[in-house]
Structure formats: structure tokens, C-alpha cells
Amino acid sequence: KMVNGNQLLIALALLPVTLGHICVWQPMQRGDFSIATPGSHDCYRKVGPCGGEDAGTTITLLDGGSSYDVHFQQNLNHYDQDVPGSLVIDYALNSNPVEEDFIKFDDAAITDYNAMNMITQTNFTRLVNIPDIDVDAGVLRVRYISNNPDENDRGEIFYQCSDISIISSLTSGKEPILMEPKQPKSELESKQKKPELPSVFTLDPIATEKKHNLKTSKEETDDDYSCCSPSSFIIEYIYTNPNGTGKIYYDQVAELMRVDFDTSMSSHSMYLNFTSGIEWYVNNADGTCDEYGCDQWIDWCFGTPGYSETYIGSGPCGDPVNSDCIAFQNGGWTFAATSDECYPAGLGGSPGYGPRDIAYYNPIEQAIDNSVFVAPCTAPSSSSSSSSS
């Protein structure tokens, strides 16, 4: 069947968890599709160049010479601290391509980000310019290049291909409508732009100028602003899309974390033990447990070295943080920490980088009893249990 790519609308419920696989729904991917759970098998396709899926019967019709929004989800987050990965969109002009046939869209790559929890589902939208040519049967592909050695069971790349057909503007008679090209910015201009912090709190740009002069000297580096959170603390947070609240327990020395998350419709807890390599995903309503594997432990730090985050400013954060904050940017993501103790303060994405904001507040530095990190699980009680791969 033929689908008009400009009219395809799918209502998707964003779950409160994320993990590193990849799924695409605009244009619709080959084979089965489901993002109902983190670690969905439909998002785990690691055989290049198209995940082992042959051409299907659903073909999305695209207008050549026009811009098109690609919608996809990072279904698990496999961020690698040493060599951060990326999400890349490209295309081929035939339906049975080999790797050499693919052509990258300009400026379509998205830098991976540190979600601090592998069980994280993040939706993305990326605008691409469709070539103004006629193509009867082609492929649009999205890859998650994780660069994570823990995911190297069959390579470190996740693939999804979508079958497409392109009608040129000459054939259709439609006027090409392309997105405005991005103007390159100097490094200094990029650092001087206003921080894009989560909408749940604000950063005053005037206070930014008063408190810290943005760096202009070659002697100054982002290391001057880098910091790490205390080794053991409890912190609350609020979350948008879906709206919810939660609490995080963090023990850097023992490499343990627990993440509680509640919405009006559900309540979940995630127990991360990086020594055992197991993360339990618990439905608090019915007590069911799903077992996942853990990726590498990463200290909760901000800036560089090792975090690929550039300092962009500082100033007072509003409700509910109510503290002075420093802000860092990695691609389309902005991370904020409190200026005094370096507690997490916020995470927000630019348009197209996930539809949610997180604000952290009420941090308490204290030793945490190990029993807090013990999940009420002994074995998976759901048939949908998953692993890190």
C-alpha cells in the first residue's frame, strides 16, 4: 500500500523509560513496529544495511525538492562516555541497497546524550531535504551508531529502513519547498547564545552576564566549569510529556541507582546495579518485574573532559530548583547543575530532541542504605523481559 508521508499521523504515548534500540514510524519502518516497551524486539535490528528486513508493501510517497520530518525513537539509550555515538539518517535510490549505495542527508546527524539510565525512550524529529528526483523504489534509513563496546554482540549499530518513493517537482508540478539552510557559527558565537534550559525553570541571561563572563581567552577551557555531583544523594524531579514526578537515589561509590517515576496512569521503579550488571524495571501497581542488562557506569558529572558538554552560561534557576545554576550543551541537549554543589538541576532538548523537560530539586546529600537499591524481584515475572542488547 502507498502512504502519503505528509499526511501520516500516529498517536504515540511516550513511556517514562528509555533504552538504546531504534524504531522509525515516519516514514514507517519495514517489518513489525512497536515501542510499547523499552527494549522492543522490533527496534533491535543489527544486521546491515537494513536490519535484515527485506522490502515491504508499505511505501511512503515523498515530494522531491521539499522538506520532510523524520520521526523516530531511541528505544534504549546506550551512551558511551569515551566515544559518544550518533543517530544518522541517510537514503538509497533502490529498494535492495548495499552499504555503498547510501547517501547522507546534510546536517541530519544527532549526537547521542547521557541519559544516566539505559532504560530511556527518547523521541526525535529531524527535518531533511528530499532530493528533487524521481525514484520508484528507494529507502530512507535511520541508524543508531552507539559506539558502545557493551553492545557489540553483532556490532554496535542498530538499523531501520523504510521503503519510499519520490516524485520530483518536475513530474508533480509542485513547487519545491526546502528548509532554510543553517548558517555556520563560530565557536565563540555558539557559546554566547542564550542557554536553552528546560521550560520548567528559567535561566536569566542578564544574571548570566553578571556572574560569569563567557570565555574569550584561549587559556580558558570548559574544564574551568566542569563538576561532579556528590557521591551519594537523593533528589526529586518533575517531568513533562508525560507529566510526572519522581525520586532518584544515587550512590557513586557502590555504583547503584534507583529511579522512581509516577504519573496519573502508572507507577514504576528502576533498580540499577552496575556490579551485577542487572537493571530491574518494576511496575509498582501489579508488582511485575522485567530484567534488563546495565551498560557502563557513568559518574553524574557535567562539562568536560569526557562528557562532550560545552559550558554556555550560568544564572538563577526558577521554580522548583530555586538555586544558581550552570548550564552545558551537547548538540541539541542542555544540561544544568547547581552552581554550589553540582547537583543535577535540569535536562532539556531543542525542538526535535525529545518532547520532555526534567527539573531536579530538593537534593539531600546522605549515605543511603543498600536495601533501598534491592528490587522486590527474583526472576522476570513478565514474558517481555529484555537485556541490554
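- By the side chain to side chain contact (heavy atoms under 4.5 Å, CB included) test, D80 is found to be paired with D82, V83, N148, P149, Q296, residues two or more places apart in sequence or in another chain being considered.
- Applying the side-chain hydrogen bond (donor to acceptor under 3.5 Å, both in side chains) rule to S371 yields the partners D369; only residues at least two apart in sequence or on another chain are considered.
- Disulfide status for C227 with C301: absent, SG atoms not under 2.5 Å apart.
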Please report the C-alpha distance between Y281 and H268 in whole Å, then the side-chain angles of each, then the deciding distance to 0.1 Å, and finally whether the ring-ring contact (aromatic ring centres under 6.0 Å, His included) criterion is met.
CA-CA 7 Å; Y281 177 51; H268 291 84; 4.9 Å; yes
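- With sequence neighbours left out, T111 forms a side chain to side chain contact (heavy atoms under 4.5 Å, CB included) with N330.
- A donor atom on one side chain and an acceptor atom on the other are found under 3.5 Å apart for Q160 and R45.
- For the side chain to side chain contact (heavy atoms under 4.5 Å, CB included) test, residues two or more places apart in sequence or in another chain that qualify with D90 are F102, K104, R141, R143.
- Within the 3.5 Å criterion, the main-chain N or O of G303 finds a donor-acceptor partner in the side chain of E309.
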Given F105 and Y91, is the ring-ring contact (aromatic ring centres under 6.0 Å, His included) satisfied, shown in steps?
CA-CA 7 Å; F105 286 103; Y91 66 96; 4.7 Å; yes
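- Looking at S232, its side chain does come within 3.5 Å of a backbone N or O of Q366 through a donor-acceptor pair.
- Qualifying ring-ring contact (aromatic ring centres under 6.0 Å, His included) partners for F72, counting only residues two or more places apart in sequence or in other chains: F124.
- For A137, the side chain to side chain contact (heavy atoms under 4.5 Å, CB included) criterion is met by S95, not counting sequence neighbours.
- Listed for the Q29 side chain is a donor-acceptor partner under 3.5 Å among the backbone atoms of D32.
- Using a 4.5 Å cut-off on side-chain heavy atoms (C-beta onward), N147 and I145 make contact.
- Legend: residues meeting side-chain hydrogen bond (donor to acceptor under 3.5 Å, both in side chains) with S168, ordered by chain and number and at least two apart, are D134, T171.
- Checked against the 6.0 Å centroid criterion, the rings of W280 and Y271 do not qualify as a close aromatic pair.
- Sorted by first and then second residue, the disulfide bond (SG atoms under 2.5 Å apart) pairs involving residues 127-175 (not counting sequence neighbours) are C50-C161.
- Y250 has its ring centre less than 6.0 Å from the ring centre of W297.
- Put simply, OG1 on T37 and CG on D42 are 8.5 Å apart, with the number rounded to the nearest 0.5 Å.
- Side-chain contact check for I234 versus I368: some heavy-atom pair is nearer than 4.5 Å.
- For D101, the side-chain hydrogen bond (donor to acceptor under 3.5 Å, both in side chains) criterion is met by N94, not counting sequence neighbours.
- Counting only residues at least two apart or in different chains, salt bridge (charged side-chain N to carboxylate O under 4.0 Å, His left out) contacts with residues 253-275 comprise R258-D260.
- Residues Y361 and Y249 fall into different hydrophobic clusters, defined by Ile, Leu, Val, Met, Phe, Trp and Tyr side chains chained together at heavy-atom separations under 4.5 Å.
- D63 is not listed as a side-chain neighbour of Y68, based on a closest heavy-atom distance of 4.5 Å or more.
- Judged as a ring-ring contact (aromatic ring centres under 6.0 Å, His included), and not counting sequence neighbours, the contacts of Y343 are F233.
- With N129 contributing its side chain and L178 its backbone, the two residues share no donor-acceptor pair below 3.5 Å.
- At a threshold of 4.5 Å between non-hydrogen side-chain atoms, the residues L61 and I167 count as touching.
- With contacts defined as side-chain heavy-atom distances shorter than 4.5 Å, the pair D295/E151 qualifies.
- A heavy-atom distance below 4.5 Å is not found between the side chains of D324 and C317.
- Of the two cysteines examined, C377 and C289, the SG atoms meet the criterion of being under 2.5 Å apart.
- Note on ring orientation: taking the six-membered ring where Trp is involved, the planes of Y311 and F328 are perpendicular (angle over 60°, cut-offs 30° and 60°).
- Between W300 and Y360, the ring-plane angle classifies as perpendicular under the 30° and 60° cut-offs.
- Minimum interatomic distance between V24 and S162 (heavy atoms only, all atoms of both residues): CG1-OG, 4.0 Å.
- The side-chain hydrogen bond (donor to acceptor under 3.5 Å, both in side chains) search around N322 returns D319, not counting sequence neighbours.
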